[in-house]
2 protein chains.
Amino acid sequence: MNDTFNLQRRQVLLGSAGAVASASLFGFSPLSLAAEMPLPDYVNWKHPEALIVHSANTLETRREAIGTSIVTSNEQLFVRNNLPTPDASIVADRDAWAVSFQGVKNPRSMTLGELKSLDVATVASVLQCSGNGRAFFPHGASGTQWSVGAAGCVVWSGVPVGAVVDALGGLDDGAQYMTSTGGEVLPAGLEPKTVVVERSVPLRALDQAILAWELNGEPLPLAHGGPLRLVVPGYYGVNNIKYVKQVAFTVGQTDAKIQASGYRIRPVGQGGAPDQPSMWEMNVKSWITQPLHQAKAGRVRIQGVAFGGARAVKGIEVSLDGGKDWQMARFVGPELGPYAWRPFVLFVELKPGSYSIASRATDAQGAMQPEGRLDNERGYGHNGWRDHAVSLVVV
Amino acid sequence: MNDTFNLQRRQVLLGSAGAVASASLFGFSPLSLAAEMPLPDYVNWKHPEALIVHSANTLETRREAIGTSIVTSNEQLFVRNNLPTPDASIVADRDAWAVSFQGVKNPRSMTLGELKSLDVATVASVLQCSGNGRAFFPHGASGTQWSVGAAGCVVWSGVPVGAVVDALGGLDDGAQYMTSTGGEVLPAGLEPKTVVVERSVPLRALDQAILAWELNGEPLPLAHGGPLRLVVPGYYGVNNIKYVKQVAFTVGQTDAKIQASGYRIRPVGQGGAPDQPSMWEMNVKSWITQPLHQAKAGRVRIQGVAFGGARAVKGIEVSLDGGKDWQMARFVGPELGPYAWRPFVLFVELKPGSYSIASRATDAQGAMQPEGRLDNERGYGHNGWRDHAVSLVVV
């Protein structure tokens, strides 16, 4: 792996603009190291050429690996685990996996086999880490330096959580949140509340939440939360609890650290607290996936992906001059529902020169991607179009 | 691998009814052998637990591996090659792959790189071998004994062939067929016309045909025709030419054997001839995927897939008593366009006993799956619901 390749990787990872902006923030070495890290064992079935291995628990889909055929394959899908992946024995007998339901009239445990006989729903949704785009924050937000590839669009099958609630007699009075707990083995010697993956989302999420056992036509892989994962379409990744072992309807939010102080939008330099906005519904976003660096003069295809987050995406524009002028691009392929992303294309005639290519999506309620970012301590929720633009050299 | 497992495999392969019906036709040994064949090298990335290896060139998706999340993953997708797969060197520089276009005003070769700059379309379609269901023909049709798994629903991206025709000045006068040629290396010592994969489809297929380079979000794998494949949504698999190296618009159909006498609907015992119906547009079809053998008394989820072939599927019914009574089932998930299949489910309360579970789909023009099959020499185009029924024991 030569330096030219690493330089290209940096540009891919950050987008050309980001690469320049952040060159002073950190050297080549962390990314060069990442480039040479092999796939961890538990995801050795993934496609290494499509992924950037940041660490054993964080793998990013390369920007140029995202195509136009809507779905992100399991083999290309990013991975972000808050804790080590459980032992593979938990997927040996998938239907035996048990989930405890609390905060309903008739609380009890149900096996996956039972859940499968209740109801089934299939939904396409964007799975996106809260920190996707963190690499573009100039203050050096701590955490994995994701560019755009901590996101993918996948198809899930599972049982609507609402159907389970109905089967268990309905919600307890006063329930305001759905609080779900992951089945990871907690590291010894630490206070469980500081490490457990337990998240609360508002009850409105019940409209679309499912307990999913299938991903893109496959039994849900262990690395992605199999045998059973809570999927909250339109919500950031952290709310989609892997190896879900409990779903409780609660009056308040959990006091687990990952909820109480973690995944909060807070000013740079401030600590996290429960009164700050939690990373729940995603916002409207898009980015260019090709071309990223160079193109030949003549007719050029510009492509990317756009989604509305918690609402459908409605429109997509592309700028060739860094945001001065915009033109409508075209969505391609079938619409897979409000939570899926849509690939887009624009064909343009380009003369030799330098271009700053940006994309800007609008959701079904008219909300448009902002130009800038909302600076925040942990670098969450970045959907500003300027940082996501790419610098293209046409020769 | 024990006998019980092999017996289950037989039942999966044929459906319970088929297993009984065909028990006298062939012994266990061919299938038992198949069960123990490893994946061939060129598809060693596929998921062996989801596939039945009939031969190096024919791999079937297990009936119960087809889920409800619409897409069939590349790792589970069936394989049927008429010739050995070309050397992997042809996907080393994908954009350099060249296709010759003939029968247009300005015939010439174009590289995949050029094609990508012309236009792009994304389409979900059922890919199905003409011989899917062959195992159910009682006359012992020669060829791979496919049950239901020589089919999958996938998402393609590529350039509309119509856009290429436009770019090359339009069609030659008198063109009636699109005749496309695969880039496989032909076996030495044989008359090329007897082995070349070259198929003609009627010009009406231009409405939806694309030259595809992407499959389910991945660069089109070599095993599935990469770097470039002609995809004719709604048409049987054989018309979807892998490694396509020429697309010609012709007055007549090719005289290649695979077209002239192959893939024709002909009476049992008769030879193939150009005046017999060719395996072009697919017809309406469905099948149950779960449960296949046993279920516990109580609430049972019956699921399957249904598609209209060349038209959208509109309705799906399920019978629990071998076709006496029918009830509407429910499609799940987003509709991915007229050429995709739709997963369906029906939840029923079942008492202990034996059931013959059948499904029957209706397309957008009201055409319904027939009860029987059209017996034909090669066992093509089977969409009769009775042979596809499963015998379920509820305990």
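Naming: A, B, ... by sequence-line order, numbering from 1 per chain. Values below: all heavy atoms of this structure, side chains included; hydrogens, waters and symmetry mates excluded.
Most heavy-atom pairs under 4.5 Å with chain B, from the set A/L215, A/I66, A/V332: that is A/V332. Comparing B/V71, B/V155, B/I70, B/L118 by how many heavy-atom pairs each has under 4.5 Å with chain A, the most go to B/L118.
For the side chain to side chain contact (heavy atoms under 4.5 Å, CB included) test, residues two or more places apart in sequence or in another chain that qualify with A/A364 are A/A312.
Proximity to chain B involves both the backbone and the side chain of A/V120, based on heavy atoms less than 4.5 angstrom apart. For B/A295, no part lies near chain A; criterion is any non-hydrogen pair under 4.5 Å. Neither the backbone nor the side chain of A/A340 comes within contact range of chain B; no heavy atoms are under 4.5 Å apart.
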Between chain B and chain A, which donor-acceptor pairs sit under 3.5 Å apart?
from   : atom 1 : to     : atom 2 : distance (Å)
A/H47  : ND1    : B/E218 : OE1    : 3.0
A/H47  : ND1    : B/E218 : OE2    : 3.2
A/T68  : N      : B/E214 : OE1    : 3.3
A/T68  : N      : B/E214 : OE2    : 2.9
A/T68  : O      : B/T122 : OG1    : 2.8
A/T68  : O      : B/S157 : OG     : 3.2
A/T68  : OG1    : B/S157 : OG     : 2.7
A/S69  : N      : B/S157 : OG     : 3.3
A/S69  : N      : B/E214 : OE2    : 2.9
A/S69  : OG     : B/E214 : OE2    : 2.5
A/S69  : OG     : B/G217 : N      : 2.7
A/S73  : OG     : B/E218 : OE2    : 2.4
A/Q76  : NE2    : B/E218 : OE1    : 3.1
A/K116 : O      : B/R301 : NH1    : 3.2
A/S117 : O      : B/R299 : NE     : 2.6
A/L118 : O      : B/R299 : NE     : 3.4
A/L118 : O      : B/R299 : NH2    : 2.5
A/D119 : OD1    : B/R330 : NH2    : 2.6
A/T122 : OG1    : B/T68  : O      : 2.7
A/S157 : OG     : B/T68  : O      : 3.2
A/S157 : OG     : B/T68  : OG1    : 2.8
A/S157 : OG     : B/S69  : N      : 3.3
A/E214 : OE1    : B/T68  : N      : 3.3
A/E214 : OE2    : B/T68  : N      : 2.9
A/E214 : OE2    : B/S69  : N      : 2.9
A/E214 : OE2    : B/S69  : OG     : 2.5
A/G217 : N      : B/S69  : OG     : 2.7
A/E218 : OE1    : B/H47  : ND1    : 3.0
A/E218 : OE1    : B/Q76  : NE2    : 3.1
A/E218 : OE2    : B/H47  : ND1    : 3.2
A/E218 : OE2    : B/S73  : OG     : 2.4
A/R299 : NE     : B/S117 : O      : 2.6
A/R299 : NE     : B/L118 : O      : 3.4
A/R299 : NH2    : B/L118 : O      : 2.5
A/R301 : NH1    : B/K116 : O      : 3.2
A/R330 : NH2    : B/D119 : OD1    : 2.6

